[in-house]
Amino acid sequence: MDEIVKEILFPRAAIQKRVRELADQISKDYAGRELVIIGVLKGAFIFMADLVREISVPCRVDFTRLASYGAGSDSSGKVVMTKDIETSIKGKDILIVEDILDTGLTLQYVVNWLKERNPNSLKICVFLDKRKRRKVSFEADYVGFTIDDGFVVGYGLDFNEKYRFSPDIYVIKQ
Ligand code: XMP
Ligand code: MG
């Protein structure tokens with residue numbers, strides 16, 4: 001990691017421990033059922049890969065991709081789905097997995113869009129939650145860590161497509 005990175009926020013060991021805790025909770029909540037886990041590309045790919053390997057209920061996986069248009073690095077408005085899921089979710093138990101919940105606009109869009117397909121249930125799991133930045137009232141059902149404002153990278157999260165590969169999560173210098 002280079003000079004733009006400020007400090008380690010969550011080292012890999014802390015991430016692994018928290019992922020196991022989330023997976024244990026999800027496994028208990030869905031015991032005896034089957035899940036369809038939907039990851040939001042690209043940011044969720046590492047978290048989702050870790051999570052599904054720790055969850056003990058059977059699951060299918062699928063992915064969606066969204067683009068949000070607006071000023072700069074802020075997702076400031078219109079969200080568009082650029083890749084649909086390929087699984088029929090009608091009557092199924094759905095868990096959406098996302099790297100980070102910020103304003104809430106992206107996940108609110110995803111939830112409204114997937115609910116139209118009449119799943120049996122739909123819950124949200126995010127690894128990071130910047131609660132203070134919410135622009136719409138929206139809460140995730142499972143949260144890894146709640147964090148303060150500040151741009152974070154690593155563990156799937158990027159800055160201009162850089163740093164996704166990092167096993168630790170860092171804060172970027174402003
Ligand atoms: P909203 O604001 O709709 O957007 O909840 C969530 C999306 O915004 C991106 N995001 C970040 N990406 N570091 C990142 O790498 C961050 O600190 C950060 N904050 C928001 C991310 O794509 C997420 O899906
Ligand atoms: Mg994302």
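Remember, it's 1-based here, ligands and their atoms both numbered in the order they're listed. No hydrogens, no waters, no symmetry mates; every other heavy atom, side chains included, goes into these values. Bear in mind the structure is a predicted one, so any value in this text is a computation, not a measurement.
- Counting heavy atoms under 4.0 Å from ligand 1, residue Leu107 does not touch it at all.
- For ligand 1, the atoms sitting less than 4.0 Å from at least one non-hydrogen atom of Glu98 are 23 (C), 24 (O), numbered in the order shown with element in parentheses.
- At least one heavy atom of Gly104 sits closer than 4.0 Å to an atom of ligand 1.
- Close approach of ligand 1 to Asp99 (heavy-atom distance below 4.0 Å) involves ligand atoms 23 (C), 24 (O).
- When the shell of 6.0 Å around CZ of Arg33 is examined, it contains more than 12 heavy atoms from other residues, nucleotides or ligands.
- Heavy-atom proximity to Lys130, at under 4.0 Å, picks out these atoms of ligand 1: 16 (C), 17 (O), 18 (C), 19 (N).
- Those atoms of ligand 1 with a heavy atom of Leu157 less than 4.0 angstrom away are 12 (N), 13 (N), 14 (C), 15 (O).
- Between the side chains of Asp29 and Gln25, at least one donor-acceptor pair of N or O atoms lies under 3.5 Å.
- Remark: distances from the non-hydrogen atoms of Lys135 to ligand 1 are all 4.0 Å or more.
- The number of heavy atoms from other shown groups lying within 6.0 Å of NZ (Lys83) is above 12.
- Nearest residue to atom 13 (N) of ligand 1 from Ile100, Val152, Asp158, Val126 is Val152 (criterion: closest heavy atom).
- Around the CZ atom of Phe159, the shell of radius 6.0 Å holds no more than 12 heavy atoms that belong to other residues, nucleotides or ligands.
- Here the two rings, on Tyr163 and Tyr170, have centers that are 6.0 Å apart or farther.
- In terms of modelled atom types and a separation under 3.5 Å, the side chain of Thr87 and the main chain of Ile89 share no donor-acceptor contact.
- Note on Asp148 versus Arg131: no salt bridge recorded, every NZ/NE/NH1/NH2 to OD/OE distance being 4.0 Å or above.
- The contact set between ligand 1 and Thr106, taken as ligand atoms under 4.0 Å from a residue heavy atom, comprises 1 (P), 3 (O), 4 (O), 6 (C).
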